[in-house]
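Have a look at the structure below before the remarks.
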Amino acid sequence: MPSNFSDLINVPNLETNFIKGIDLSHHNSTIKDWNSIRNAGIAFAIIKVSDGVNSPDKYASEHATMAQKKGLKIGYYHFAHPDTKSGGNIIADAKAEANDFMSRLKTLPHSDLDFFLDLENWGPAPQNDSSLNPVDYLLWANTFIDELLRAANEPGKSVVIYSRKEYLDRKLPGNHNLGKYKFWISRYINDYNKAIAPVGWNDWYLWQFTETGAFANNMGTFDLNIMRK
């Protein structure tokens with residue numbers, strides 16, 4: 001498994017037309033050496049803002065502000081909890097999460113990138129995973145996206161969906177319509193040809209290839225990504 005971009009360059013069949021990036025959350029806390037990140041060729045940072053409803057990431061503002069100061073393009077993601085706990089039904093829950101995310105974005109530096117929706121289990125399954133059936137899971141995702149784009153009212157911006165292939169292949173109907181949105185794949189492997197998008201997508205736009213990336217000055221580990229130009 002590649003742990004840094006030098007390793008990734010040696011992955012067989014890897015295309016060269018990509019941009020390097022990181023994604024950040026409270027797990028990274030305060031970053032002490034942004035220069036090491038920028039000097040490694042990092043061009044963008046995707047920053048966690050919210051987790052379900054009423055659970056903001058306390059480092060979002062710090063991460064966004066510092067990334068922009070170092071010249072990185074920034075984007076924001078919401079960690080979804082597709083269920084019915086916030087509002088009593090699927091549609092109300094999805095709208096509640098979208099509006100919670102949007103309300104927090106208004107307090108942060110303006111993003112350069114699209115919005116990002118993280119669809120995965122939030123802990124050990126099945127107790128920490130959505131119990132919605134595939135049709136209802138799709139309804140939740142479409143409702144969230146529609147509500148977010150309506151509330152954001154930023155023409156030209158869309159949503160990128162983050163997940164694992166095996167996860168969405170289980171959670172979504174085979175004939176879903178989410179393939180019209182770009183896909184950000186999580187696949188920790190050193191074989192480029194095995195970074196395969198879920199059913200419904202022709203390919204991926206972003207590849208999170210490791211969660212153990214490292215930079216100078218021993219700042220802990222980071223999620224590393226490449227984005228197709």
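Just the heavy atoms: all of them, side chains too, but no hydrogens, waters or symmetry mates, feed the values below.
To the nearest 0.5 Å, the span separating CG on Asn225 from CD1 on Ile22 amounts to 9.0 Å. Residue Asn39 holds its CG atom at 10.5 Å from CZ of Phe215, rounded to the nearest 0.5 Å. Separating the CZ atom in Phe101 from the CD atom in Glu147 is a distance of 13.0 Å, to the nearest 0.5 Å. From Arg38, atom CZ reaches atom NZ of Lys70 across 10.0 Å, with rounding to the nearest 0.5 Å. Here OH of Tyr76 is found 14.5 Å from CG of Asp23. Values are rounded to the nearest 0.5 Å. Atoms CG and NE2, on Leu108 and His63 in that order, are 12.0 Å from each other to the nearest 0.5 Å.
In this structure, Asn28 contributes its side chain and Thr221 its backbone to a donor-acceptor pair below 3.5 Å. Looking at Gln68, its side chain does come within 3.5 Å of a backbone N or O of His110 through a donor-acceptor pair. Checking side-chain atoms of Trp207 against main-chain N and O of Met227 turns up no donor-acceptor pair under 3.5 Å. Here the side chain of Lys171 pairs no donor or acceptor atom with the backbone of Glu166 at under 3.5 angstrom. Using modelled atom types, no side-chain atom of Ser29 and backbone atom of His26 make a donor-acceptor pair closer than 3.5 Å.
For the pair Gly21 and Ile42, the tightest heavy-atom approach, listed with the atom from each and the gap, is CA-CG2, 4.0 Å. Considering all non-hydrogen atoms of both residues, Ala197 and Ile185 come closest at N-CD1, 4.1 Å. Of all heavy-atom pairs spanning Ser25 and Tyr77, the tightest one is CB-OH, 3.7 Å. When every heavy atom of Glu120 is checked against every heavy atom of Tyr137, the shortest pair comes out as N-OH, 4.3 Å. Between Ser130 and Tyr167, the shortest heavy-atom contact is N-OH, 4.4 Å.
Looking only at atom types and distance, the side chain of Asn121 has a donor-acceptor partner in the side chain of Arg164 under 3.5 Å away. A side-chain N or O of Gln208 and one of Ser186 form a donor-acceptor pair less than 3.5 Å apart. Between the side chains of Asp129 and Trp122, not a single donor N or O lies within less than 3.5 Å of an accepting N or O. Counted by atom type alone, Ser86 and Lys95 present zero donor-acceptor pairs between their side chains at under 3.5 Å.
Considering only heavy atoms from C-beta on, Ile91 stays 4.5 Å or farther from Trp140 through its side chain. Residues Thr107 and Ser61 have side chains not in contact (no heavy-atom distance under 4.5 Å, counting atoms from C-beta outward). Within the 4.5 Å cutoff, the side chain of Val159 has heavy atoms near those of the Phe115 side chain. Contact of the Tyr181 side chain with the Leu117 side chain is not registered, since no non-hydrogen atoms from C-beta on lie closer than 4.5 Å.
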Are Glu97 and His78 close enough, and set up right, to give a side-chain hydrogen bond (donor to acceptor under 3.5 Å, both in side chains), and what steps lead you there? CA-CA 8 Å; Glu97 291 203 19; His78 171 74; 2.7 Å; yes

Assess whether side-chain hydrogen bond (donor to acceptor under 3.5 Å, both in side chains) is satisfied between Thr30 and Glu62, documenting all intermediate values. CA-CA 8 Å; Thr30 294; Glu62 179 181 331; 3.0 Å; yes

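Checked against the 6.0 Å centroid threshold, Phe183 and Trp201 count as a close aromatic pair.
Each of Val199, Leu178, Ile161 was scored for a side chain to side chain contact (heavy atoms under 4.5 Å, CB included) with Leu168, with one residue passing: Ile161.
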